[in-house]
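Before any comments, here is the structure.
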Amino acid sequence: MDKKAIFMQVSSLEERIGDLHDELRGLKEQLAYLIEENHYLHIENENLRKRLEPEKESAELPEQERKKMVGEGHENLARLYQEGFHICNTHYGSIRPEGDDCLFCLSFLHQK
Ligand SMILES: [Zn+2]
């Protein structure tokens with residue numbers, strides 16, 4: 001294999017890595033969008049449930065925690081995360097073990 005052929009191969013590899021990188025970024029954006037959508041659907045679902053079954057309002061979390069969870073926008077999500085809750089699709093609303101960062105939560109927070 002001569003030098004030119006090797007150079008061509010490296011260039012082509014570089015191009016393919018660039019394409020993969022673009023694809024990965026696109027998927028990350030879609031993931032962030034889905035997590036955010038899930039967040040709003042979760043809240044909407046909760047509100048609808050409250051309206052349908054007011055007697056069952058207590059549910060899993062104390063009222064104070066519940067209030068913390070209802071809110072809008074990135075800042076609220078960041079605060080939720082700081083307060084020790086998952087904001088990611090996989091574990092949304094559940095408590096993170098102390099000092100335990102979640103990659104899904106972090107990748108969502110660092111989007112924007
Ligand atoms: Zn998480």
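Note that the structure is a prediction, hence the values are computed from the model and not measured. Whatever order the structure lists ligands and atoms in, that order sets their numbers, starting from 1.
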Strictly under 2.8 Å, is the Zn ion (ligand 1) approached by any N, O or S atom of H91? no

What pairs with E44 under side-chain contact (heavy atoms from CB on, under 4.5 Å), at least two apart in sequence or on another chain? L41, L48

Donor + acceptor pair across side chains of Y92, H42 (<3.5 Å): no

H86: its N/O/S atom lying closest to the Zn ion (ligand 1) (atom name): ND1

At the Zn ion (ligand 1), what angle lies between atom SG of C88 and atom SG of C102, rounded to 10 degrees? 110°

Side-chain donor-acceptor pair present, N45, Y40, cut-off under 3.5 Å: no

N/O donor to acceptor pairs below 3.5 angstrom from side-chain atoms of residues 20-27, sequence neighbours left out:
from : atom 1 : to  : atom 2 : distance (Å)
D22  : OD1    : R25 : NH2    : 3.0

